[in-house]
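Report on one structure; see the data block that follows.
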Number of protein chains: 2
Amino acid sequence: MTSQTTRELLKRAEPDLTRAERQLCATLLHNYPMSGLGSITRLAEKAGVSTPTVVRMVQKLGFSGFPAFQAALRDELEAQISGPIAKHESWAGQAPEEHLLNRFTESVIGNIRQTLAQIDPARFDEVAALLADGGRRLFVTGGRITRTLAEYLFMHLQVIRPGVSLVPATSNAWPHAMLDMGEGDVLVVFDVRRYENTALKMAKLASKRGLKVVLITDQWQSPVAKHAACTFNCRIEAPSAWDSMVVVMLFCETLVAAVENRTWERTKARMSELEELFDATRIFRKFV
Amino acid sequence: MTSQTTRELLKRAEPDLTRAERQLCATLLHNYPMSGLGSITRLAEKAGVSTPTVVRMVQKLGFSGFPAFQAALRDELEAQISGPIAKHESWAGQAPEEHLLNRFTESVIGNIRQTLAQIDPARFDEVAALLADGGRRLFVTGGRITRTLAEYLFMHLQVIRPGVSLVPATSNAWPHAMLDMGEGDVLVVFDVRRYENTALKMAKLASKRGLKVVLITDQWQSPVAKHAACTFNCRIEAPSAWDSMVVVMLFCETLVAAVENRTWERTKARMSELEELFDATRIFRKFV
DNA sequence: CCGGCTCTGAAACAAATAGTTCAGAGTTGG
DNA sequence: CCAACTCTGAACTATTTGTTTCAGAGCCGG
């Protein structure tokens, strides 16, 4: 019933096997289950028996043929290596596993895992340093879906350091912004699928002007990558008609935290100044 | 040089890959290395590409052919499973556990877990039904930090159904919007700490006018909750000077997916109409 | 708008794998 | 010693897998 069914099967069947079959069985159990994952020919060779023997034995074990046996081995191995992570409890404890809350979360966690696994931390640190460099002006832009993320990043960076601009996505507006872009400045572009032409054009122009382009895109990678000095791919799969921007936001926040760490002295001063301005304008409730 | 050579190979080669190849690469990395252990045909199917693409890519990676690639995977897997199994995995595999990428992600995952654990799925479904109800107008508002989230939710809901408005946060602008609010309509308020007075006032007025107020807030709960028919608390802790809105976004996206499911027929029509409009205005690149 | 370029998958092809048959080797009981 | 039996692998066939070819589709620079 558990993941080791086939191994058990082999052990229990052993007494009823013939000489050549037992030899094969021993080979299989010896370094289980790797030896079973190659072709039937190699397994037969390794065990010193003929291929018909292999077929006969797996059929005796109840499989329809060698491929079926092999598939069983693969499935078990998969269950084994993904182990405690795979058979996962529901996220929303009160809801069944099939509830959208759980399915969606499951999917997003997968996105996070895969995205993080692919990110090169050195690259990440590099970009954080780039964004922290007060000598460079910063420009942030996004498309239809990603505009809100661009705004989110912009808002944080703006507090952290001076010289940050949000570039409008509509192509008749951003040439104005581009006037300020100069050699060594940085353009952060968000572009996920349904890649937008304006993003591509802007990145192209910016890189020609000597800006460092940082691209944040999805797993299929926007064509902007061609003009980018640094590209980060975030997985955006979701059980929905839409893509999930959660990982992109996670990435942004982490980036903000990293930049902040590098400029803490300056940032601290800016933040307390901001507090004073808030006090002056009474935007927030008096108490927390 | 270690057991993960092929994985590294895939990651490093990714930038030089074509679209279909990148798709394949992502599939391979997705549940590495199991997906590579079956036949080339099944791998191609799983990745949604053709078998020639698989062959081309593995050859590009330096293998003589698919069998060679597969053998490499098997060898690595063998080395891996015989090695130590249990060590706690970092999220960003290449970075030390103390790297900000891992710390931040760890923290966010914790937020997700805690938030989901306390969400009442029945309440969630209730709100989804409320937002899906075409007879009610929908208003969405957010504060300084949460404005982008409000915009994000607004953008999606706007595609899904008619009668959705984004209410400006500045208190001198929203009274205008409030003119349209009537009995039975719904106001979605985002308000996290540094709770804002305008949000509180708006919620108060709205609930007096007979609107259902849905509040999305943090774990300490905004005072808006007093006027809300439904409140969802999202945990927003992060190793940063800022709070993390990742969970809030996850919640929004899940909500969007849930609403979408309930109005799918109507939404489908709206979405294809939107597609036509995009085509007419040529915002996007021709191909995916 | 158009030729040259790259990328992609359908289809043809080649190679291996998996399954089957069958003759002979080994074993057993008389 | 010998039939009758089982077991085994060589050789064959069928099937699936892996590779190559090629024409069409999209992108790019002019």
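In what follows, every chain begins at residue 1, and chains take the letters A, B, ... in the order their sequences are listed.
Sequence neighbours left out, the pairs with a member in residues 49-70 of chain B that pass salt bridge (charged side-chain N to carboxylate O under 4.0 Å, His left out) are B:Glu21-B:Lys60. Within the structure, every pair that satisfies the side chain to side chain donor-acceptor pair (under 3.5 Å) test and touches residues 40-51 of chain A, not counting sequence neighbours, is listed here: A:Ser50-A:Thr53. For residues 198-239 of chain A, the set of pairs meeting the ring pair (Phe, Tyr, Trp, His ring centres under 6.0 Å) definition, not counting sequence neighbours, comprises A:Phe232-A:Phe251.
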Intermediate values then yes/no, side-chain contact (heavy atoms from CB on, under 4.5 Å), A:Thr146 and A:Val248: CA-CA 9 Å; A:Thr146 49; A:Val248 183; 5.7 Å; no
Derivation and outcome, salt bridge (charged side-chain N to carboxylate O under 4.0 Å, His left out), residues A:Asp185 and A:Lys212: CA-CA 6 Å; A:Asp185 290 347; A:Lys212 300 259 187 188; over 6 Å; no
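Partners of B:Pro162 according to the side chain to side chain contact (heavy atoms under 4.5 Å, CB included) rule, which considers only residues two or more places apart in sequence or in another chain, are B:Arg266, B:Arg270.
The CE atom of A:Met57 sits 21 Å away from the P atom of D:dT6 (whole-angstrom rounding). Counting to the nearest Å, the P atom of D:dT17 and the CZ atom of B:Phe69 are 17 Å from each other. Atom-to-atom, CG of A:Asn197 to C1' of D:dC28 comes out at 13 Å; the value is rounded to the nearest Å. One can place CD of A:Glu21 at 13 Å from C1' of D:dG9, the figure rounded to the nearest angstrom. Atom CZ in B:Arg22 sits about 12 Å away from atom C1' in C:dC7, given to the nearest Å. Rounded to an integer number of Å, the gap from NZ of A:Lys226 to C1' of D:dG26 is 12 Å. In this structure, B:Arg19 places its CZ atom 11 Å from C1' of D:dA25, rounding to the nearest Å. The distance from atom OH of A:Tyr195 to atom C1' of D:dG26 is 16 Å, rounded to the nearest whole Å.
The pair B:Arg7-B:Glu76 does not meet the salt-bridge criterion, since no charged nitrogen lies less than 4.0 angstrom from a carboxylate oxygen. B:Lys11 has no carboxylate O lying under 4.0 Å from a charged side-chain N of B:Glu14, or vice versa, which leaves the two without a salt bridge.
OP1 or OP2 of C:dT8 has not a single side-chain nitrogen or oxygen of B:Ser50 nearer than 4.0 Å. Proximity of A:Thr18 to the phosphate of D:dT8: a side-chain N or O atom is located under 4.0 Å from OP1 or OP2. OP1 or OP2 of C:dA16 has not a single side-chain nitrogen or oxygen of A:Arg42 nearer than 4.0 Å.
The terminal axes of the helix from C:dC1-D:dG30 to C:dG30-D:dC1, fitted over 5 pairs per end, subtend an angle of 20° to the nearest 10°.
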Show me the protein contacts with nucleotides 18-21 of chain C, counting only N or O atoms at under 3.5 Å.
unit_1	atom_1	unit_2	atom_2	d
C:dA18	OP2	A:Ile40	N	2.4
C:dG19	OP1	A:Phe66	N	3.4
C:dG19	OP2	A:Phe66	N	3.1

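Atom CZ of B:Arg12 sits in a sparse spot, with 12 or fewer heavy atoms from other residues, nucleotides or ligands closer than 6.0 Å.
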